**Q** 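Below: one structure in structure tokens.
Predicted, not measured: the structure shown is a model, and the values here were computed from it. Along the sequence shown, the residues carry numbers beginning at 1.
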Amino acid sequence: MSQDNPPPQTSQDQTNPPQTNPDLRQQVDANRGFQKKLELMVPGLRGYRTLEDLRAADSLLRNQVADKLDLTRGNLEGLRKQMATAGDYTNLSSVGSLISQVQQLGGEVRHAQQGYSGWVPTIAINQDKLNKLYEYDYGFVNSAVQLQSLTTSPSLVYDTTSPSSVQAVLSSVGGAVADFKQKWAVRMEAIENILVK
């Protein structure tokens, strides 16, 4: 290749493809399985769920989720402090209840019995059951991410001039807490049922 040959084109068309072309990033994301989505959401989860590392992977996953719940609780405590400083005592009980629920969930997730009941060093689990665990775990982790997102700015901003404006957001956070509880219960039951058999 001679030096007289022009370099490859880097035109505007290559960096901004026409809108008729599909967005490959969306296709890649749509084609990811639950295992790949989990690995993207939880740092350090490569090699997840190899059968000999089920307990370690489960512990890592639960600690990551508990950390997200701790951040959520911290966000809510910050909101409660803003309310108290502003003299808004009408919403304090709602926030206090949410803080208590999130704190309890964080403790349950972080300190659940290692491996849950029925886990033994030698377990028989096929790929279909393993894929189902990925699905349950993805729902569980995603629910925690959504909960944290709802309590982070700009989703949760306290306006001292309109204290009642926070009530709709608190209602959404309450719904997200209920969703997380449900996902946690389903995951616990699914893992116990799969691994006991």
Side-chain angles (χ1 to χ4, degrees), residues 33-45 48-49 54-83 90-119 125 129-158 164-197:
F34 287 110
Q35 178 183 5
K36 292 293 183 192
K37 289 179 182 179
L38 266 172
E39 288 173 359
L40 289 173
M41 292 173 76
V42 181
L45 204 59
Y48 177 66
R49 290 247 189 260
L54 275 171
R55 292 174 199 256
D58 176 66
S59 179
L60 173 64
L61 182 72
R62 287 186 296 106
N63 281 325
Q64 292 277 337
V65 169
D67 289 345
K68 292 188 183 310
L69 293 174
D70 288 347
L71 290 171
T72 298
R73 190 189 76 229
N75 293 339
L76 290 170
E77 287 173 345
L79 174 65
R80 179 171 62 181
K81 185 175 181 180
Q82 288 178 326
M83 289 176 170
T90 58
N91 295 309
L92 280 179
S93 61
S94 297
V95 174
S97 174
L98 290 171
I99 290 169
S100 176
Q101 291 176 62
V102 171
Q103 184 173 6
Q104 179 183 353
L105 284 169
E108 286 178 21
V109 170
R110 192 179 303 277
H111 303 294
Q113 182 180 354
Q114 181 63 37
Y116 310 112
S117 63
W119 281 28
I125 183 167
K129 288 181 179 179
L130 202 56
N131 287 336
K132 206 65 176 160
L133 288 180
Y134 294 139
E135 185 177 341
Y136 288 125
D137 285 350
Y138 176 74
F140 164 65
V141 173
N142 192 50
S143 183
V145 169
Q146 294 300 320
L147 184 56
Q148 182 186 352
S149 176
L150 277 173
T151 62
T152 305
S153 180
S155 298
L156 184 62
V157 176
Y158 182 66
S164 62
S165 65
V166 78
Q167 291 172 352
V169 178
L170 291 178
S171 178
S172 296
V173 172
V177 168
D179 180 65
F180 182 86
K181 285 180 181 178
Q182 187 265 341
K183 296 280 183 2
W184 170 241
V186 165
R187 179 185 188 264
M188 289 277 288
E189 182 180 350
I191 289 174
E192 288 173 358
N193 287 341
I194 287 173
L195 297 177
V196 167
K197 293 176 182 175

**Q** To check you understand the geometry: which heavy-atom pair defines the closest contact between L156 and L150, and what is its length?
**A**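 Result for this residue pair: CB-O, 3.5 Å.
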**Q** Per the side-chain contact (heavy atoms from CB on, under 4.5 Å) rule, which among V65, L69, D67 passes with R110?
**A**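 Exactly one option meets the side-chain contact (heavy atoms from CB on, under 4.5 Å) with R110, and it is D67.
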**Q** Taking side chain to side chain contact (heavy atoms under 4.5 Å, CB included) as the definition, give me every residue that meets it alongside K81, ordered by chain and number, with sequence neighbours left out.
**A**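 Expected list: T85.
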**Q** Which pairs pass salt bridge (charged side-chain N to carboxylate O under 4.0 Å, His left out) with one or both residues in residues 138-150, sequence neighbours excluded?
**A**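 Matches after skipping sequence neighbours: none remain.
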**Q** Not counting sequence neighbours, which residues clear side-chain hydrogen bond (donor to acceptor under 3.5 Å, both in side chains) with S94? List them please.
**A**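 Result, side-chain hydrogen bond (donor to acceptor under 3.5 Å, both in side chains) vs S94: none returned.
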**Q** What pairs with Q148 under side chain to side chain contact (heavy atoms under 4.5 Å, CB included), at least two apart in sequence or on another chain?
**A**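 K68, L71, T72, T152.
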**Q** Measure the CG-OG distance between L76 and S100 for me, rounded to the nearest 0.5 Å.
**A**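 Answer rounded to 0.5 Å: 11.5 Å.
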**Q** I would like to know whether L170 and L79 meet side chain to side chain contact (heavy atoms under 4.5 Å, CB included); could you show each step before the answer?
**A** CA-CA 10 Å; L170 291 178; L79 174 65; 3.8 Å; yes
**Q** Under the side-chain hydrogen bond (donor to acceptor under 3.5 Å, both in side chains) test, which residues partner D179, sequence neighbours left out?
**A**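 Per chain and number, D179 pairs via side-chain hydrogen bond (donor to acceptor under 3.5 Å, both in side chains) with S143, K183.
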**Q** Return the set of residues passing side-chain hydrogen bond (donor to acceptor under 3.5 Å, both in side chains) with Q101 (not counting sequence neighbours), or none when no residue passes.
**A**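 Counting only residues at least two positions away or on another chain, Q101 forms a side-chain hydrogen bond (donor to acceptor under 3.5 Å, both in side chains) with S97, K181.
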**Q** Taking side-chain hydrogen bond (donor to acceptor under 3.5 Å, both in side chains) as the definition, give me every residue that meets it alongside Q182, ordered by chain and number, with sequence neighbours left out.
**A**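 Here no residue qualifies.
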**Q** Got a sec, which residues hit salt bridge (charged side-chain N to carboxylate O under 4.0 Å, His left out) with R73, two or more places apart in sequence or on another chain?
**A**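 In terms of salt bridge (charged side-chain N to carboxylate O under 4.0 Å, His left out), with neighbours along the sequence ignored, R73 is linked to D70, E77.
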**Q** Would you compute the distance between atom CG of L98 and atom CD of Q103 and round it to the nearest 0.5 angstrom?
**A**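 If we round to the nearest 0.5 Å, L98:CG and Q103:CD are 12.5 Å apart.
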**Q** Which atom names give the shortest non-hydrogen contact between V173 and L147, and what distance separates them?
**A**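 Looking at all heavy atoms of both residues, the shortest contact is O-CD1, 3.9 Å.
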**Q** Of all residues at least two apart in sequence or in a different chain, which pass the ring pair (Phe, Tyr, Trp, His ring centres under 6.0 Å) check with F140?
**A**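 For F140 the ring pair (Phe, Tyr, Trp, His ring centres under 6.0 Å) partners, ignoring immediate neighbours, are F180, W184.
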**Q** How would you list all residue pairs meeting side chain to side chain donor-acceptor pair (under 3.5 Å) that involve residues 165-176, not counting sequence neighbours?
**A**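 Qualifying pairs: N91-Q167.
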